Number of protein chains: 2
Amino acid sequence: MERSPLAPAAFPDLPPIAGVRAAVARARYKNWDRCDLTFMALDEGTAVAGVTTKSRCPSPEVEWCRAALPLGRARALVVNAGNSNAFTGHRGRAAVEAIAAKVAGSIGCQPSDVFVASTGVIGVPLPIDKAEAGIDAVLAAPQASWEDAAATIMTTDTFPKAAAASAIVDGRPVTLVGIIKGSGMIAPDMATMLGFIFTDAAIEPAFLQKMLEEANGTSFSCITVDGDTSTSDTVLTFATGKAGNAPLASFDDAGADAFQAALTDLCTRLAHLVVRDGEGASKFIEIGVEGAVSDESARTIALSIANSPLVKTAIAGEDANWGRVVMAVGKAGEPAERDSLSIRFGTTQVARNGLAVEGYDEAPVAAHLKGREILIGVELGLGEGRATVWTCDLTHGYISINADYRS
Amino acid sequence: MERSPLAPAAFPDLPPIAGVRAAVARARYKNWDRCDLTFMALDEGTAVAGVTTKSRCPSPEVEWCRAALPLGRARALVVNAGNSNAFTGHRGRAAVEAIAAKVAGSIGCQPSDVFVASTGVIGVPLPIDKAEAGIDAVLAAPQASWEDAAATIMTTDTFPKAAAASAIVDGRPVTLVGIIKGSGMIAPDMATMLGFIFTDAAIEPAFLQKMLEEANGTSFSCITVDGDTSTSDTVLTFATGKAGNAPLASFDDAGADAFQAALTDLCTRLAHLVVRDGEGASKFIEIGVEGAVSDESARTIALSIANSPLVKTAIAGEDANWGRVVMAVGKAGEPAERDSLSIRFGTTQVARNGLAVEGYDEAPVAAHLKGREILIGVELGLGEGRATVWTCDLTHGYISINADYRS
């Protein structure tokens, strides 16, 4: 698969995170010759928080993480690529339990300290023998780079995705690094694809959970590629505490706001990377909705626009078809008044107060739509609610990836 | 545009409906040389019922029909093709008022007896001069056939769509004929595209409304092409009473059940014709969901499957990818239990009780998926709720129609 035209020029330089060590190995979950098992060792005392898919048919990995998250502590993360292990009944559950037990026995921790995530085909139980051999290999493997780890969790992704952020907490610099994968089946419902964030900050698990949910609400929950929500969406955040700050426990603590800002920024950049690798994507689209009755209403309307195949194909065709934006606003089911609705492409107002702007200058609109970064602005004129979401266009590439050959 | 491969072989033979007379004319709403204005004259005493889009940004035609429907009486229907007149502010409203006033003055009725529907591009006010000249022409035109009328309301449709049904009411045979248009922007939300049904039965308007809503619930509300809901969706039903039966006023009246069955059957066949002309469609897909906690829950799940681009592209690729069906069930937000979920393609069970059926015979599944008529069956194992919805696959044709050239 060719690298997405929306990909960044290069993988970023990323700092190490004290207390986190990566390794990768070949479990050969598919008939391929690449690393597909990622192991992240986490020092004792690491706090964990997570958000998972709202799918009613989640994978056993998601159920495992949900059960372990309330304990708030983590010592290891195992990520399998090539097989999502979803919809595999008791055999799928047995595979997750076997992985957690084997890792716990090897490094000396509780199975509930071991977090597991898998991504790939649905409906095939993860082969326990391959997983166990893969864990043996990865435990003996040398330390891997962030780029190795980000590449090893990929499936149909066309480039490895990672980002870093930093903040000053309690007078000390703390660092965050996140890796993420996702390309299709992207419509996180309060959670998302697979993403893993690591920080050396010291943070109480309950507060880390609160901050992650806050960041998630304006990042992973605001992207869509195809409106299809995965059975395996998982974002986990691990805080090793090695930075030596007094553990953050509430927004009253010095540096908590700074950490929240860094975390939200990191999550947003990771979410954008997923959209930039959307299947078949040729344009990165930001949709801003303002003037809604509430922020949640604005988000619903923005996602209705972002998920509309007619809007997405219009952008692919570089067509300033604002009528399709009106259609998508109208179908969202949220309060909207035709006669107070205004729409812009880029910086050019094309419709205002329910009417086409007569004689607007089409040249800047056409130039904007020929670019790779598209902005659609909607002003509802009803209230103060606002939201921004991100998506990509819908092209022949999406059809080719998903229909032209068997999965 | 080539005729859809899912189109019926020929336009059906349709009986006349006493009290209904069609005519067509060239208003030239677009730069084309075809009839684009349809006029249906309705004898005095005709009852009317209708369902319209739930879009929050409806066209002025929809608002006009909504205001006139409670009066329950109709004398004329005007349908404009090539311009939907949606999102055109006071100029759009003025055009509808001008059409109704001109027709009312010409045939001697109230403006509120004149129903108006328009379909086509959004955002361009319907030119009043062209509409008025078109009405002059159509009032002088000879009687047109059902096929002429069905063809004149088309926009991107690739074939004219109509169907007939009959019932015995009060000892008398009554006849129903419907015409419909629609191809893209199809995801009726309790209503649909443009459809017009005519019958010679005598029916009280309020009861006709009740029967239409009943029929709509399992027909137009159960189809989707692209999940995009139009600003102009309208289905109107006109009952001239010329059959001479005692007017139907409730389900206690003789023949009311038979009429309801005929109306629901007609609406369902019209709805299927729209799906068969879905933009780019190569497969007609029926999705049956059973065992849900309620019929409404079953419909929501079925539409989630029908609207999933990953399911639709899998069918286009003739791929028995039931994992994507699981995904779509899971994202619907309705009660579903992974471990009681079963899925079939055609008559072959491919997953049962949350697990792939081991060693199922792939040959009949592959043969089924190579056909034009695809059946996906989902059993949730939770309750008695059931629903059937219809959609088409998502192909390169859809992208070409909507992205490869400017609208």
Side-chain angles (χ1 to χ4, degrees), chain A residues 53-58 86-89 121-124 184-185 187 189 226-231 307-310 313-314 316-317 319 321-324 326-339 341 351 353-356 393-396 398-400 402-407, chain B residues 53-58 86-89 121-124 184-185 187 189 226-231 307-310 313-314 316-317 319 321-324 326-339 341 351 353-356 393-396 398-400 402-407:
Chain A
T53 182
K54 292 294 181 295
S55 169
R56 297 299 190 112
C57 300
F87 211 66
T88 53
V121 67
I122 289 174
V124 180
M185 208 178 279
D189 184 10
D226 50 13
D228 276 346
T229 301
S230 156
T231 48
N307 278 321
S308 160
L310 289 170
T313 49
D319 178 5
N321 193 324
W322 56 270
R324 295 183 180 179
V326 176
M327 175 282 300
V329 171
K331 79 165 179 165
E334 291 294 317
E337 289 291 335
R338 185 185 58 204
D339 297 344
L341 180 57
N353 295 333
L355 282 171
D393 54 344
L394 174 59
T395 68
H396 285 289
Y398 185 88
I399 307 291
S400 296
N402 288 298
D404 290 355
Y405 52 78
R406 302 284 294 262
S407 64
Chain B
T53 184
K54 293 293 180 297
S55 169
R56 297 299 190 110
C57 300
F87 210 67
T88 53
V121 67
I122 289 174
V124 181
M185 209 178 278
D189 184 10
D226 49 13
D228 276 346
T229 301
S230 156
T231 49
N307 278 321
S308 160
L310 289 171
T313 49
D319 178 5
N321 194 323
W322 58 270
R324 294 182 181 178
V326 176
M327 175 280 302
V329 171
K331 77 166 180 165
E334 291 294 318
E337 289 291 336
R338 185 186 58 205
D339 296 343
L341 180 58
N353 295 332
L355 282 172
D393 55 344
L394 174 58
T395 69
H396 285 289
Y398 185 88
I399 307 291
S400 296
N402 287 298
D404 290 355
Y405 51 80
R406 301 284 295 262
S407 66

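Chain identifiers are assigned alphabetically (A, B, ...) following the order of the sequence lines, protein sequences preceding nucleic acid strands; residue numbering begins at 1 within each chain. Hydrogens, waters and symmetry mates play no part in the numbers below; they use all other heavy atoms, side chains included. Everything numeric in this text was worked out from a predicted model, so none of it was measured.
At a 4.5 Å heavy-atom cutoff, the contact between A:A351 and chain B is made by side-chain atoms alone. Of the two parts of A:A328, neither the backbone nor the side chain holds a non-hydrogen atom closer than 4.5 Å to a non-hydrogen atom of chain B. With a 4.5 Å cut-off on non-hydrogen atoms, B:A332 does not touch chain A at all. Residue B:D339 touches chain A through its side chain alone, counting heavy-atom pairs closer than 4.5 Å.
Interface summary for chain B: among A:L394, A:V326, A:T395, the most heavy-atom pairs under 4.5 angstrom belong to A:V326. For the options A:G123, A:A336, A:G354, A:A356, heavy-atom pairs under 4.5 Å to chain B are most numerous at A:G354. Ranked by heavy-atom pairs shorter than 4.5 Å toward chain A, the options B:G323, B:A314, B:P335, B:P309 are led by B:P309. Ranked by heavy-atom pairs under 4.5 Å with chain A, the list B:V329, B:N307, B:V124, B:L341 is led by B:L341.
Considering only heavy atoms from C-beta on, B:M327 comes within 4.5 Å of B:S308 through its side chain. Between B:F87 and A:L355, the closest side-chain pair of non-hydrogen atoms is not below 4.5 Å. Side-chain contact between A:E337 and B:C57 is absent, with no heavy-atom pair separated by less than 4.5 Å. Counting heavy atoms from C-beta outward, A:T231 and A:T53 have side chains that stay 4.5 Å or more apart.
Checked by atom type and distance alone, the side chain of A:R338 pairs as donor or acceptor with a backbone atom of B:P58 at under 3.5 Å. Proximity of a side-chain donor or acceptor of B:D393 to a complementary backbone N or O of B:T313 within less than 3.5 Å is not detected.
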